> 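Below: one structure in structure tokens.
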Protein chains: 2
Amino acid sequence: MQERRDEIVAAATELLEREGADALSMRRIAERVGIRAASIYKHFPSKEALEAAIISVAFERQAAVFERAEHDLVAIAEAYRSFAREHPHLYRLMTERPLRRDLLGPGAEARAAAPLVGATGGDADVARAAWAFAHGMTILELNDRFPPGADLDEAWARGLSAFTRKGRDKRDR
Amino acid sequence: MQERRDEIVAAATELLEREGADALSMRRIAERVGIRAASIYKHFPSKEALEAAIISVAFERQAAVFERAEHDLVAIAEAYRSFAREHPHLYRLMTERPLRRDLLGPGAEARAAAPLVGATGGDADVARAAWAFAHGMTILELNDRFPPGADLDEAWARGLSAFTRKGRDKRDR
DNA sequence: GTCTATACCCGGATAGAC
DNA sequence: GTCTATCCGGGTATAGAC
């Protein structure tokens, strides 16, 4: 009977994506499933555990998307940005707090990260820098922090060129 | 009698820095000032307005720090990271939500941003990319998102070199 | 400009019956 | 595994006296 568990995670994810983190209460989640809030505790020990399940599924979805852009840093960056724009509340839940890794599905985080590591030639420092850039652009855009007229495509291009051989050649030519 | 107003902002900032965003309630703030929560509404129309005042002061503090690192991107980046590590909860308040610019002190945001724009030679796209990188590194570090052994100094160096002439020369040599 | 009192709403979580 | 009932806590904000 893991089906009910999955159903709760799916309902919670949909609620989060539609209405944001403030709407993600045990009562609202239960309402969507058609049960009472207390019953969720038969499937998850705490709200935190349920959130970790939401995040685990989201990592797997991300991994599936990133793998399709295999080994191309620019394509991965585009997929990263698109995922966040399509699921802004989910993306925030995934990134804006420390991760409860002990509650995540095993390997989920690593699977989501693998394509980027591959695309940066296995250099972990460069991969981290590239991720930081991508996350920074993404979250600042979601939070409306750039000025209204800002050309974000151009800012992305300027930043990404730092992490690609081709980009450096082009800029320094 | 703006003194009381300033006193409230100072008390709220201290409370935020010590105990984090969850502790920042009108009741807790008032307690620190030695008044009742209801009295705060004689000085601020809403909690949001009080938060905006906290952020305005924080921008001015940031501006003062960044100006000391004038025109040197690496020095500004170091100051940026240091500010966030010294005031993590304040930094989160400043960055993790859309800004209520209509409630901020005039020019505060621009003064904090000016040193970075200057250091990137006035190229707004590069300045935005550099800011995104710095924010991404900073917030991911604050949220413990990098692996335990990660060499963040090195990741910072790799990313920053993208935005400096010197860095590019060195890497491509 | 501060107080008391309160309206009004929400949250996570547990006990115990069925 | 679901329910009802409840505990216990918290929050922003307002009314009206002083």
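Fair warning: this is a prediction, and the values are worked out from it, not measured in the lab. Protein chains get the first letters and strands the later ones, always in sequence-line order, with residue 1 at the start of each.
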> Without decimals, in angstroms, what is the distance between A/Q2 CD and D/dG1 C1'?
14 Å

> Can you check whether B/Q2 reaches B/E7 side chain to side chain, under 4.5 Å on heavy atoms?
no

> Go along nucleotides 3-18 of chain D 5' to 3' and tag each nucleotide: B for a protein heavy atom under 4.0 Å from its base, S when only backbone or sugar atoms are that close, - otherwise.
BB------BBBB----

> Can you check the A/I29 CD1 to C/dA13 C1' distance for me, whole Å?
14 Å

> Check B/E19 with B/R28, please: is the shortest side-chain N to carboxylate O separation under 4.0 Å?
yes

> Taking NE2 from B/H43 and C1' from C/dT2, how many angstroms apart are they, rounded to a whole number?
8 Å

> Any chance you could lay out the salt bridge (Lys or Arg N to Asp or Glu O under 4.0 Å) test for A/E141 and A/R81, step after step, and finish with the verdict?
CA-CA 10 Å; A/E141 180 180 6; A/R81 185 183 182 190; 3.0 Å; yes

> Is the distance from the ring center of A/Y80 to that of A/Y91 below 6.0 Å?
yes

> Walk me through whether A/R128 and B/D151 qualify under salt bridge (Lys or Arg N to Asp or Glu O under 4.0 Å).
CA-CA 9 Å; A/R128 283 167 200 143; B/D151 184 346; over 6 Å; no

